[in-house]
Amino acid sequence: MDKISKAIISDPLVDNNPITKQILGICSALAVTVKMEQAVVMTFALTFVLVSSNIIISLLRKGIPGKVRIIVQLTVIASLVILIDQVLKAYLYDISKQLSVFVGLIITNCIIMGRAEAFAMQNNFKESLYDGFGNSFGYGLILIIVSTFRELFGSGTLFNYQIIPTWMYLEQGGWYVNNGLMLLAPGAFIILGLIIWVQRTYTHFIED
Amino acid sequence: MELLEHYLSLATKSIFIENILLSYFLGMCSFLAISKKIEASIGLGFAVIFVSGVTVPLNWVIKEFLLIEGALSWVGIPALTTVDLSFLSFITYIATIAAMVQLVEMLLDKFSPALYNSLGIFLPLIAVNCSILGASLFMAERGYTFGESAVFGVSSGAGFALAIVSMAAIRFKLKYSNIPDGLKGLGITMILTGLLSMAYLSFSGINL
């Protein structure tokens with residue numbers, strides 16, 4: 001793999017992260033991070049859709065008329081999302097119930113439209129494939145960090161395994177109480193805000 | 001009278017208690033991008049109310065008479081009564097929304113150029129606003145009736161409009177505060193959204 005391809009994959013991980021830097025795909029990053037399990041499944045679903053849509057759009061890019069390109073992109077993305085939704089319903093029914101509308105909302109997830117529009121429409125098949133993987137990993141990284149905090153502090157578990165010892169809990173005679181705010185919407189917003197702060201301090205990016 | 005009361009409580013619930021943006025995280029991308037300016041936020045807010053108020057009941061009609069199992073029985077062909085097209089729901093909903101946005105754009109351009117110019121750039125963006133597709137998906141998941149879906153469409157749009165206008169007002173005041181470099185822009189907006197959503201949580205005590 002040459003240098004440019006490596007840069008295409010590694011750049012979206014930290015420096016040009018889709019969520020914290022490009023401000024794409026925030027809805028689902030917040031909504032599916034209550035449990036790590038959901039976050040991992042969502043990352044796989046998004047990786048599949050993003051990589052496939054990037055490949056398909058980049059192969060079709062010369063045949064798509066500029067005026068109707070949004071509709072074409074939406075159709076490609078929606079078909080891929082139907083595919084992944086049916087697979088999840090068949091093999092991971094419980095998680096697909098928990099994710100509820102958010103699998104369907106991958107269609108309007110800005111990362112996919114954004115990468116199709118900004119990258120796959122101008123670049124060839126191979127680069128779009130790498131870009132798809134790079135951005136999915138960047139998205140997955142943030143999802144996993146946010147969900148680690150939310151699950152550990154909100155329910156005391158990770159991947160549904162008890163991490164905080166049960167004897168520490170108040171009901172068992174200890175002193176510890178789970179932070180219920182982490183399970184609610186404000187916890188997600190604030191954790192993501194703090195992660196953005198850390199990421200931007202690290203990369204020295206200042207928005208004005 | 002009872003029906004009116006039911007609709008009113010549904011509207012209150014979807015504007016305040018289960019605000020589509022602050023508790024389901026839908027429409028974050030445009031929320032973060034547009035809330036920099038108050039006028040633009042008001043314009044986008046009204047556009048979202050209108051489009052979601054039209055598309056949710058329209059998608060209800062499509063769902064009831066075309067997609068769900070047995071929906072095609074009105075055609076009168078016996079073979080069609082067992083057809084279940086609900087796996088096509090994502091692609092039909094997004095097509096309805098895209099077509100509706102296009103239609104609204106053309107109508108506004110023809111009959112109210114002033115409003116069209118003030119909304120101009122935001123209208124096409126609404127097609128990929130998660131809150132619109134999300135409202136349709138929630139409508140399908142919760143099994144609303146036609147009346148309920150019309151009320152839900154308008155009031156979830158109103159919830160979005162309320163959230164984006166209040167955030168624009170907060171960000172207007174924020175210009176005069178001294179924020180750490182890394183938090184400027186996106187970071188502080190996320191944390192503020194968290195605080196705003198915490199304020200909306202206080203509505204959850206209301207028993208309807």
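We name chains A, B, ... by the order of the sequence lines, and we start the count at 1 in each one.
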Quick check on [X] against chain B: is it the side chain, the backbone, both or neither that has a heavy atom closer than 4.5 Å?
X	result
A/Ile106	neither
A/Phe102	side chain
A/Ile195	neither
A/Ala188	side chain
A/Ile107	side chain
A/Leu30	both
A/Ser79	both
A/Asp85	side chain
A/Thr203	neither
A/Ile191	neither

Check your understanding: Among residues 82-101 of chain B, which residues come closer than 4.5 Å to chain A, judged by heavy atom distances?
Key ->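 Those residues of residues 82-101 of chain B which have a heavy atom under 4.5 Å from chain A are B/Phe87, B/Leu88, B/Phe90, B/Ile91, B/Ile94, B/Ala98.
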Review point. Between B/Cys29 and A/Cys110, does the SG-SG distance stay under 2.5 Å?
Key: yes
Practice item. For B/Glu148 and B/Thr145, indicate whether the former's side chain and the latter's backbone hold a donor-acceptor pair under 3.5 Å. Key: yes
Check your understanding: Under 3.5 Å, side chain of B/Asp109 to main-chain N/O of B/Glu105, donor-acceptor pair present?
Key ->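 Not confirmed, B/Asp109 side chain does not pair with B/Glu105 backbone.
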Point to revise | Residues A/Asp131 and A/Arg115 bridged, charged N to O under 4.0 Å | key: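 Here A/Asp131 pairs with A/Arg115 in a salt bridge, since their nearest N and O are under 4.0 Å apart.
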**Study point:** B/Asn19 and B/Tyr24 side chains, donor-acceptor separation under 3.5 Å
**Key:**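 Note: B/Tyr24 and B/Asn19 side chains miss the donor-acceptor criterion.
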Study note, to complete from the structure: Heavy-atom nearest pair, B/Val154 first then B/Ser52, reads N-OG, 4.4 Å
Review point. Which pair of non-hydrogen atoms, one from A/Gly156 and one from A/Tyr169, has the smallest distance, and what is that distance?
Key: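 Smallest heavy-atom distance, with atoms named: CA-OH, 3.7 Å.
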**Study point:** For B/Asp181, all residues meeting salt bridge (charged side-chain N to carboxylate O under 4.0 Å, His left out), sequence neighbours excluded
**Key:**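 Partners of B/Asp181 by the salt bridge (charged side-chain N to carboxylate O under 4.0 Å, His left out) criterion, ordered by chain and then number, come out as B/Lys184.
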Which donor-acceptor pairs under 3.5 Å do the side chains of residues 193-205 of chain B make with protein atoms, sequence neighbours left out?
{"unit_1": "B/Thr193", "atom_1": "OG1", "unit_2": "B/Thr189", "atom_2": "O", "d": "2.5"}
{"unit_1": "B/Ser202", "atom_1": "OG", "unit_2": "B/Ala199", "atom_2": "O", "d": "2.5"}
{"unit_1": "B/Ser204", "atom_1": "OG", "unit_2": "B/Leu201", "atom_2": "O", "d": "2.5"}

Point to revise | Test disulfide (SG to SG under 2.5 Å) applied to A/Cys27 - qualifying residues, sequence neighbours left out | key: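 If we apply the disulfide (SG to SG under 2.5 Å) test to A/Cys27, skipping adjacent residues, there are no hits.
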**Study point:** Among B/Leu133, B/Leu186, B/Leu192, B/Leu26, residue most engaged with chain A (heavy-atom pairs, under 4.5 Å)
**Key:**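 Ranked by contacts with chain A, first place is B/Leu186.
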Check your understanding: With chain B, which of A/Val101, A/Ile196, A/Ile190 has the greatest number of heavy-atom pairs at distances under 4.5 Å?
Key -> A/Val101
Exercise for review: Answer yes or no on whether B/Arg142 is positioned over the face of B/Tyr144, meaning its NZ or CZ is under 6.0 Å from the six-membered ring centre and within 45° of the axis.
Suggested key: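 Ring-cation test returns no.
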Practice item. Just say parallel, tilted or perpendicular for the rings of B/Phe152 and B/Phe138, cut-offs at 30° and 60°. Key: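 Rings of B/Phe152 and B/Phe138: perpendicular, as their planes differ by over 60°.
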